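Comments concern the structure below.
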Amino acid sequence: MPELAEVEYYRKQWNPGLGKTIKAVRINSRVRDFRDCPVKEMVRRLPGRRLEASQAHGKQMVFQFEPGAWLGVHLGMTGKLRFSAADPLPDPHAHLVLALPAGWLVFSDPRQFGKILFEVSVHPPHWWTRLPPEILSRDFTLRRLKAAVKRHRNTSLKSFLLMQRYFPGVGNWMADEILWRARLDPRRTPGSLDDGEIKALFQRLRWVCRQSLRIVGDHWGEFPESWLFRRRWKGGGACPKTRGPLVREPVGGRTTCWSPQWQK
DNA sequence: CAACCTGTTCGCCA
DNA sequence: ATGGCGAACAGGTT
């Protein structure tokens, strides 16, 4: 499920390990999650290191160890992080397990679209420092959005919002929520937007990120009934604004939910 | 049983 | 070169 706020939620699930020293690493190195990971080095060098801090950035996370080592985690489609007081051995999808003095930090991912990275270094690795500005940061500006619109004027708005190099953390449901609140038809192109519509998109982008972090990021809360999120999963839903029917069909290759009477 | 899936990357084409 | 699209990845769920 992981998009921006859900990633932040999962990041915190490893907080019980903060300040603790890794005793052992258990890994299923055959799975796809480790395709870009120096597995042997990680298994050799993580034990004895202390989990110092963690951060999330869009859908990407980093866990910082002392002395200098960095564990990158991307949850893909079905990845999860959890702390387990009992040995998670029975879980066949627990591909990475970090043993603490008491308990285990677990990464599980049945579908294996996630990605684990590892680097030993005093400084944070390039794959962490070269990420684009976060949507809620000062560097994410209307100017930047307009440049992206100009460059990708012919794709659908739906595909556009899913581009992580501009909108890190936005996934399928967030894109639909943002377009619904900006009253924009997901099949429209960025190039067709006027200045007011671009501004609305900018504001709704930031609003949906901020609110979903507040609701889901801390503790897995429920979105209010007023959100499209609550109606979008099954056919036959009604728009919370107009009470009219919602449409559910692929746009840009992804299942998309929108309200034709509300979004133009 | 078949269709579907909250993500990314690759190859193909214009 | 760059932009845009569709397939592929793998396994669980509806």
Side-chain angles (χ1 to χ4, degrees), chain A residues 1-11 13 28-37 56-61 72-81 90-96 107-117 127 130-132 135 146-180 186-192 205 208-209 211-213 215-217 220-223 227-237 246-258:
Chain A
M1 29 179 87
E3 300 179 24
L4 185 89
E6 294 132 349
V7 170
E8 175 63 4
Y9 173 83
Y10 283 122
R11 180 187 69 81
Q13 302 312 298
N28 176 4
S29 61
R30 290 180 308 280
V31 296
R32 226 173 140 260
D33 304 77
F34 296 105
R35 60 200 177 278
D36 296 329
C37 180
H57 181 128
K59 296 175 189 171
Q60 180 74 42
M61 285 174 275
V73 178
H74 191 295
L75 297 171
M77 207 77 134
T78 53
K80 286 183 164 68
L81 298 183
D91 179 352
H93 302 299
H95 303 318
L96 175 64
F107 164 76
S108 64
D109 183 14
R111 224 169 143 188
Q112 302 175 35
F113 290 177
K115 188 188 280 197
I116 302 292
L117 300 172
W127 48 256
R130 290 184 181 173
L131 295 170
I135 292 167
K146 283 182 175 170
V149 163
K150 199 166 181 182
R151 190 159 183 159
H152 299 281
R153 61 184 83 92
N154 292 322
T155 193
S156 63
L157 285 174
K158 178 60 182 272
S159 302
F160 182 61
L161 285 182
L162 293 175
M163 299 179 86
Q164 299 299 297
R165 53 185 289 211
Y166 301 111
F167 313 113
V170 172
N172 203 25
W173 76 253
M174 283 182 77
D176 287 357
E177 188 77 36
I178 290 160
L179 290 171
W180 178 69
R187 299 166 300 182
R188 289 265 303 275
T189 63
S192 75
L205 256 164
V208 169
C209 286
Q211 294 304 316
S212 50
L213 277 171
I215 296 166
V216 169
W220 201 277
E222 277 264 53
F223 287 106
W227 283 52
L228 179 67
F229 181 85
R230 295 286 294 268
R231 328 284 167 112
R232 71 179 303 280
W233 304 109
K234 288 192 279 282
L246 294 170
V247 173
R248 223 177 97 87
E249 58 185 60
V251 177
R254 308 297 302 278
T255 297
T256 301
C257 178
W258 78 97

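Every chain is numbered from 1 and lettered A, B, ... according to where its sequence line falls, protein lines coming before strand lines. All of these numbers come straight from a predicted model, not from anything done at the bench.
- Applying the ring pair (Phe, Tyr, Trp, His ring centres under 6.0 Å) test to A:Phe167 and every residue at least two apart in sequence or in another chain returns A:Phe160.
- Applying the 4.0 Å criterion to OP1 and OP2 of B:dG7, one finds that A:Lys115 has every side-chain N and O outside that range.
- Among residues two or more places apart in sequence or in another chain, the salt bridge (Lys or Arg N to Asp or Glu O under 4.0 Å) test is passed with A:Arg248 by none.
- Within residues 150-163 of chain A, no residue is approached by DNA chain B to less than 4.0 Å at the level of any non-hydrogen atom.
- Within the 4.0 angstrom heavy-atom criterion, no nucleotide atom of any strand lies near A:Arg35.
- Side-chain nitrogen and oxygen atoms of A:His74 include at least one within less than 4.0 Å of the OP1 or OP2 phosphate oxygen of B:dT8.
- Which of C:dG12, B:dT8, B:dG7 sits closest to the side chain of A:Gln164 comes down to B:dT8.
- Applying the side chain to side chain contact (heavy atoms under 4.5 Å, CB included) rule to A:Val31 yields the partners A:Asn28, A:Asp33, A:Phe34, A:His95, A:Gln112; only residues at least two apart in sequence or on another chain are considered.
- Among residues two or more places apart in sequence or in another chain, the ring pair (Phe, Tyr, Trp, His ring centres under 6.0 Å) test is passed with A:Phe229 by A:Trp173, A:Phe223, A:Trp233.
- The side chain to side chain contact (heavy atoms under 4.5 Å, CB included) check on A:Ala5 picks up A:Ser212, A:Leu213, A:Val216, with sequence neighbours excluded.
- Partners of A:Gln164 according to the side chain to side chain contact (heavy atoms under 4.5 Å, CB included) rule, which considers only residues two or more places apart in sequence or in another chain, are A:Lys59.
- Residue A:Thr255 places no side-chain N or O under 4.0 Å from the OP1 or OP2 atom of B:dC4.
- OP1 or OP2 of B:dC5 sits under 4.0 Å from a side-chain N or O of A:Arg248.
- Among the heavy atoms of the strands, none lies under 4.0 Å from A:Gly253.
- Salt bridge A:Lys115/A:Asp36: present, at least one basic N to carboxylate O contact under 4.0 Å.
- Comparing B:dT8, C:dC9, B:dC5 against the side chain of A:Met77 picks out B:dC5 as the nearest.
- The SG atom of A:Cys209 sits 5.5 Å away from the CD1 atom of A:Ile178 when rounded to the nearest 0.5 Å.
- A search for ring pair (Phe, Tyr, Trp, His ring centres under 6.0 Å) contacts involving A:Tyr166 returns A:His152, not counting sequence neighbours.
- Residues A:Pro92 and A:Arg32 both approach DNA chain C. Their nearest nucleotides, taken by heavy-atom distance, put A:Arg32 toward the 5′ side.
- Nucleotides B:dC1 and C:dC9 place their C1' atoms 22 Å apart, quoted to the nearest Å.
- The strand DNA chain C forms stems, runs of 3 or more Watson-Crick or G-U wobble pairs with distances below 3.5 Å, at B:2-5 with C:11-14, B:7-14 with C:2-9.
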Check the interface with nucleotides 11-14 of chain B: list each N/O to N/O pair with the protein under 3.5 Å, or write none.
none

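- In this structure, A:Phe113 counts as stacked on the base of C:dC9 under the 5.5 Å centre distance and 30° plane angle limits.
- For A:Ser192, the side chain to side chain contact (heavy atoms under 4.5 Å, CB included) test picks out A:Arg188, A:Thr189, with sequence neighbours left out.
- Listed by first then second residue, pairs satisfying salt bridge (Lys or Arg N to Asp or Glu O under 4.0 Å) with a partner in residues 149-163 of chain A read A:Lys158-A:Asp176, not counting sequence neighbours.
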